[in-house]
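In what follows, a single structure is set out as structure tokens and then discussed.
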Amino acid sequence: MDILLKYTLKKIQEQTSLIPNINYGGCCHFAKLLAKELENREIKYKVALFDSFVPIKKVANSIKTFKQSLGVGHVTLKIGKYYVDSECTSRNTDDITANISESELSQCFLINYKQLKKYSETIEWNSRFNKRKYHPIISKIITQQFKIYDKLQNDRKQY
């Protein structure tokens, strides 16, 4: 992962980590919004699902085919060798799961933004996260930081 993308993710996480209960019902929404911006810039990623009890292979297959699926304990993106959620970027999954109840990374797999969006909207996520209130805020934070990312990328190309 290049330094500019790392910087952008850090700036996003500085703001989104302050949102109440974001990793208790909002992690998939965060991943979906981030995936959209990454796809717009042709930055490759995988989706990483964390859960100790849910059959992840079945969940992954249902997401890919747009079928109704089960929710999981935590959703992140994996960009290169780094796992990314609303609070942390790390090569170590223990850092990602330190503050949540899930301790197992069950599977990383390739899906696109459209599939992740459908998954995020068809599953009943933890109601501790206020989607109506915070989804637009997360979207705005990510969009604004990627506008800065684009400007910095363009400036870097000029030199």
Side-chain angles (χ1 to χ4, degrees), residues 1 5-6 8-10 12-143 145-146:
M1 180 183 321
L5 182 56
K6 267 185 162 176
T8 301
L9 294 172
K10 182 175 172 40
I12 290 168
Q13 291 160 336
E14 285 173 0
Q15 297 171 69
T16 57
S17 65
L18 301 174
I19 294 173
N21 300 312
I22 190 164
N23 282 334
Y24 295 92
C27 58
C28 190
H29 299 291
F30 175 85
K32 165 192 70 176
L33 294 166
L34 182 58
K36 179 180 180 183
E37 296 298 329
L38 295 172
E39 277 191 24
N40 287 344
R41 288 156 186 84
E42 299 179 356
I43 299 170
K44 294 182 183 199
Y45 65 89
K46 291 181 180 180
V47 174
L49 301 179
F50 293 77
D51 204 292
S52 300
F53 306 106
V54 173
I56 296 298
K57 200 165 209 140
K58 186 175 180 180
V59 173
N61 288 334
S62 66
I63 292 170
K64 290 177 183 180
T65 59
F66 294 102
K67 292 181 180 172
Q68 184 65 28
S69 186
L70 301 169
V72 295
H74 194 54
V75 179
T76 70
L77 297 183
K78 187 174 183 192
I79 306 168
K81 296 180 180 180
Y82 293 90
Y83 295 93
V84 178
D85 72 6
S86 62
E87 298 179 344
C88 181
T89 297
S90 178
R91 287 182 184 220
N92 184 344
T93 59
D94 292 342
D95 294 338
I96 294 290
T97 60
N99 296 321
I100 59 174
S101 60
E102 300 307 325
S103 59
E104 288 185 27
L105 170 66
S106 296
Q107 190 167 2
C108 278
F109 59 99
L110 289 169
I111 62 171
N112 61 36
Y113 164 73
K114 187 176 176 182
Q115 292 164 318
L116 186 56
K117 181 177 190 280
K118 177 84 169 161
Y119 179 59
S120 74
E121 294 170 351
T122 58
I123 300 302
E124 181 98 14
W125 297 101
N126 190 329
S127 61
R128 288 170 54 185
F129 174 72
N130 186 336
K131 179 184 173 192
R132 178 175 286 178
K133 182 175 183 180
Y134 293 113
H135 192 276
I137 294 169
I138 297 167
S139 179
K140 184 176 180 181
I141 290 167
I142 292 173
T143 302
Q145 289 303 318
F146 271 96

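Count residues from 1 along the sequence. Just the heavy atoms: all of them, side chains too, but no hydrogens, waters or symmetry mates, feed the values below.
Applying the ring-ring contact (aromatic ring centres under 6.0 Å, His included) rule to Tyr119 yields the partners Trp125; only residues at least two apart in sequence or on another chain are considered. Residues that satisfy the side-chain contact (heavy atoms from CB on, under 4.5 Å) test with Asn92, not counting sequence neighbours, are Ser90, Asp94, Asp95. Among residues two or more places apart in sequence or in another chain, the side-chain contact (heavy atoms from CB on, under 4.5 Å) test is passed with Leu110 by Lys46. For Arg128, there are no salt bridge (Lys or Arg N to Asp or Glu O under 4.0 Å) partners at least two apart in sequence or on another chain.
Side-chain atoms of Leu9 and Tyr82, non-hydrogen and from C-beta on, never get closer than 4.5 Å to each other. Two residues are said to be in side-chain contact when any heavy atoms from C-beta on lie closer than 4.5 Å; Glu37 and Thr143 meet this criterion. Side-chain contact between Cys27 and Phe129: absent, with no pair of heavy atoms (C-beta onward) separated by less than 4.5 Å. For the pair Gln15 and Gln145, the minimum side-chain heavy-atom distance is below 4.5 Å. Side chains of Arg41 and Leu5 form no contact here, defined as non-hydrogen atoms less than 4.5 Å apart. When side chains are defined from C-beta on, Ser17 does not count as touching Ile22, because their heavy atoms never get closer than 4.5 Å. Under the 4.5 Å side-chain criterion, counting only non-hydrogen atoms from C-beta, Val75 is not in contact with Phe30.
Of the inter-residue distances, the one linking Ile63 atom CD1 with Asn112 atom CG reads 11.0 Å to the nearest 0.5 angstrom. Of the inter-residue distances, the one linking His74 atom NE2 with Asn126 atom CG reads 12.5 Å to the nearest 0.5 angstrom. Rounded to the nearest 0.5 Å, atoms OG1 (Thr65) and NZ (Lys118) are 11.0 Å apart. The CG atom of Leu116 sits 4.5 Å away from atom SG of Cys28, with the distance rounded to the nearest 0.5 Å. The distance from atom CE of Met1 to atom NZ of Lys81, rounded to the nearest 0.5 Å, is 11.5 Å. Expressed to the nearest 0.5 Å, how far CG of Leu38 lies from NZ of Lys44 amounts to 13.0 Å.
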May I have the list of side-chain donor-acceptor pairs in residues 130-139 shorter than 3.5 Å, sequence neighbours left out?
| unit_1 | atom_1 | unit_2 | atom_2 | d |
| --- | --- | --- | --- | --- |
| Asn130 | OD1 | Arg132 | N | 3.4 |
| Asn130 | OD1 | Lys133 | N | 3.1 |
| His135 | NE2 | Lys32 | NZ | 2.8 |

Original post:
Is there a side-chain contact (heavy atoms from CB on, under 4.5 Å) between Asn40 and Tyr113 once you walk through the steps?
Top reply: CA-CA 10 Å; Asn40 287 344; Tyr113 164 73; over 6 Å; no
Subject >> Derivation of the side-chain contact (heavy atoms from CB on, under 4.5 Å) call for Thr89 and Val84 >> reply: CA-CA 5 Å; Thr89 297; Val84 178; 4.0 Å; yes
Subject >> Stepwise side-chain contact (heavy atoms from CB on, under 4.5 Å) check, Leu34 with Phe146 >> reply: CA-CA 9 Å; Leu34 182 58; Phe146 271 96; 3.6 Å; yes
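At distances below 3.5 Å, at least one donor-acceptor pair connects side-chain atoms of Thr16 with backbone N or O atoms of Ser86. A donor-acceptor distance shorter than 3.5 angstrom exists from the side chain of Gln13 to the backbone of Asp85, with no hydrogens or angles considered.
Remark: Lys64 NZ is packed, more than 12 non-hydrogen atoms of other residues, nucleotides or ligands lying under 6.0 Å away.
Note on residues 65-77: no pairs pass salt bridge (charged side-chain N to carboxylate O under 4.0 Å, His left out), not counting sequence neighbours.
What you find for Phe66 and Lys114 is that their closest heavy atoms are CE2-O, 3.9 Å.
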